[in-house]
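Because the structure is predicted, anything quoted here is derived from the model rather than measured. Every chain is numbered from 1 and lettered A, B, ... according to where its sequence line falls, protein lines coming before strand lines.
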Protein chains: 2
Amino acid sequence: MKILLVEDSSSLRRSISIGLQNLGFTVDDTGDGSEGLSMALTGDYDVIVLDIMLPSIDGLTVLKTLRSSHKDTRVLLLSAKSQPEDKVKGLLTGADDYLTKPFSFDELHARLLSLLRRGTLRKDIDNVELAGLILDMQLKTLRFGNKFIDLTPNEYKIVECLFTNQNIIVTPEKLSEHLAGQYDAVSKNSIEAHLSSARKKAKLAGVELPIQTKRGFGYMITQ
Amino acid sequence: MKILLVEDSSSLRRSISIGLQNLGFTVDDTGDGSEGLSMALTGDYDVIVLDIMLPSIDGLTVLKTLRSSHKDTRVLLLSAKSQPEDKVKGLLTGADDYLTKPFSFDELHARLLSLLRRGTLRKDIDNVELAGLILDMQLKTLRFGNKFIDLTPNEYKIVECLFTNQNIIVTPEKLSEHLAGQYDAVSKNSIEAHLSSARKKAKLAGVELPIQTKRGFGYMITQ
DNA sequence: GTATATCTTAAGTAATTCTTAAGTTAATTC
DNA sequence: GAATTAACTTAAGAATTACTTAAGATATAC
């Protein structure tokens with residue numbers, strides 16, 4: 001288990017780092033926001049422990065940048081302030097947990113374990129049902145009742161991405177990344193063509209896909 | 001010897017737990033599937049006693065997740081149903097033994113000892129039958145009726161991996177790992193060649209292998 | 001060390017899927 | 001309500017993916 005620790009105070013950083021290493025974790029640490037960000041982007045960490053107050057770039061900006069680069073690594077925010085606004089802001093920005101200083105080492109340890117557990121779990125929730133449509137992420141299929149809607153890989157992936165991001169506008173850019181990964185891209189027109197085809201196939205099976213177009217922004221599913 | 005007990009009914013859980021502790025085992029227990037899974041993933045147990053009916057996540061899903069995370073801890077499944085389908089399903093999913101409720105404590109004890117004694121992990125059932133094809137995992141053979149289909153080691157392993165992962169898409173990566181282990185790899189093309197050859201041999205013996213290609217994702221067996 | 005079996009690679013083929021582009025429809029703005 | 005823009009649809013060509021086969025490479029058995 002690899003952990004990245006980004007913390008301003010060198011004494012706190014050292015004590016946390018040594019404590020976690022004694023518990024068997026591999027720990028990289030830095031006291032600088034900018035360096036932390038590049039480490040987070042390039043390294044393969046299971047969890048990032050991130051202080052909000054940092055030199056060069058603050059923690060929330062690091063987190064925001066991380067999320068907009070679609071890095072899904074779990075992040076545990078540390079903050080000196082116990083103001084609820086801070087907590088809310090942190091969690092909204094995409095943090096997975098939040099801890100207010102001062103905290104006991106045991107508490108940090110417990111939260112980390114909880115985050116690590118979530119990490120292994122998350123992948124395996126595999127069925128989404130919506131408006132009678134059942135998306136099986138293990139079988140990579142979509143069915144309506146007992147009728148299978150036969151989708152091509154890209155059509156399926158588009159539907160999957162939307163089904164797992166309900167009540168959120170999914171931009172064509174995000175869809176492109178879901179289809180082709182970070183280092184390649186799929187044109188907007190191509191996505192439109194796929195979605196059109198998927199909608200047509202669903203209609204033929206007797207359902208409308210519950211995907212609505214948010215003109216100018218992207219697509220969204222709402223119950 | 002450390003045992004994890006995941007059982008819904010609190011009275012049964014307590015009685016088993018106390019009984020095993022009296023026999024000198026270390027026992028952790030929980031009544032929740034999700035918690036059981038995370039304990040199984042993080043803890044270091046010798047055997048997991050796992051009920052099928054559980055809140056939050058059912059036992060078979062816990063087991064499946066465990067196996068797909070390459071946790072090889074031995075698992076003894078408990079089930080209220082005595083339906084043979086359940087047993088087969090459980091053992092196919094990767095259980096090492098199976099016990100139907102109600103059972104005597106002595107029987108549980110005996111099975112646990114048997115599981116603990118087993119030097120190498122070996123499944124309790126050694127052959128899978130599917131569409132007239134019989135896969136014998138002890139003899140490493142595949143036969144159709146009384147006609148043996150002579151497969152090379154890699155061909156056999158591919159068929160075995162698919163037969164023991166029914167209703168799940170098996171990716172080429174997973175097959176590669178099954179053939180060559182974690183620290184080596186087999187090319188996708190090579191897997192294709194093996195599978196092609198296996199399919200041809202089966203056809204010559206008068207059967208089609210019930211392996212369907214999920215284009216873009218992998219291979220799968222469905223009943 | 002040789003013989004045999006098995007594995008990998010590569011090239012050809014077939015089938016499916018993806019992308020593009022042009023035309024159409026729908027929504028928004030002025 | 002006309003103009004403008006964005007999204008949808010369709011079909012054809014391009015690209016990808018999987019299958020098959022055979023030959024050379026590698027491993028295994030004797």
Between D/dA7 and A/Arg215, counting only base atoms on the nucleotide and side-chain atoms on the residue, is there a donor-acceptor pair under 3.5 Å? no
Can you tell me the distance, in whole Å, between the CD1 atom of B/Ile158 and the P atom of D/dA18? 14 Å
Take atom CG of A/Leu204 and atom P of D/dT10, then tell me their distance rounded to the nearest Å. 11 Å
Of all heavy-atom pairs linking A/Tyr156 and A/Met137, the shortest is OH-CA, 3.3 Å
Are any of B/Thr152's side-chain N or O atoms less than 4.0 Å away from OP1 or OP2 of C/dC7? yes
Between B/Leu151 and B/Ile191, which residue's closest nucleotide on DNA chain C lies nearer the 5′ terminus? B/Leu151
Looking at every heavy atom in both B/Arg199 and B/Ile211, which two are closest together, and how far apart are they? NH2-O, 3.1 Å
To the nearest Å, give me how far apart NZ (B/Lys188) and P (C/dC7) are. 20 Å
Compare all side-chain heavy atoms of A/Leu76 with those of A/Leu112 and state whether any distance is below 4.5 angstrom. yes
For A/Leu54 and A/Leu50, which heavy atoms make the closest approach, and how far apart are they? CD1-CD1, 4.1 Å
When rounded to whole Å, the CE to C1' distance for the pair B/Met220 and D/dA18 reads 17 Å
Give a yes or no on this: more than 12 heavy atoms of other residues, nucleotides or ligands lie within 6.0 Å of atom NZ of A/Lys214. no
Report yes if at least one side-chain N or O of A/Thr213 is closer than 4.0 Å to OP1 or OP2 of D/dA6; otherwise report no. no
Report the residue (A/Gly218 or B/Phe217) whose heavy-atom-nearest nucleotide on DNA chain D is the more 5′ of the two. A/Gly218
Hey, does B/His194 have a side-chain heavy atom less than 4.5 Å from the side chain of B/Lys157? no
Nearest to the side chain of A/Ser190, heavy atoms from C-beta on, is which of C/dA26, D/dC19, C/dT19? C/dT19
What bend angle does the helix from C/dG1-D/dC30 to C/dC30-D/dG1 show across its length, from five-pair end axes and to the nearest 10 degrees? 50°
Distance check needed: C/dA21 C1' versus A/His194 NE2, whole Å only. 15 Å
Take atom CG of A/Asn189 and atom C1' of D/dC8, then tell me their distance rounded to the nearest Å. 9 Å
B/Ser196 has a side chain; which of C/dT19, D/dA7, D/dT21 sits nearest to it? D/dT21
Proximity to the side chain of A/Pro153 - top-ranked nucleotide from D/dC19, D/dC8, C/dC18: C/dC18
Which part of the nucleic acid does B/Tyr156 contact within heavy-atom distance under 4.0 Å: base, sugar-phosphate only, or nothing? nothing
D/dT21 C1' sits how many Å from B/Lys203 NZ, rounded? 15 Å
Using the test salt bridge (Lys or Arg N to Asp or Glu O under 4.0 Å), find all partners of B/Lys201 that sit at least two apart in sequence or belong to another chain. B/Glu155
Where the side chain of A/Glu192 is concerned, which of C/dT9, D/dA7, C/dT20 is the nearest nucleotide? D/dA7
Rounded distance (Å) that lies between atom P of D/dT21 and atom NZ of B/Lys200: 4 Å
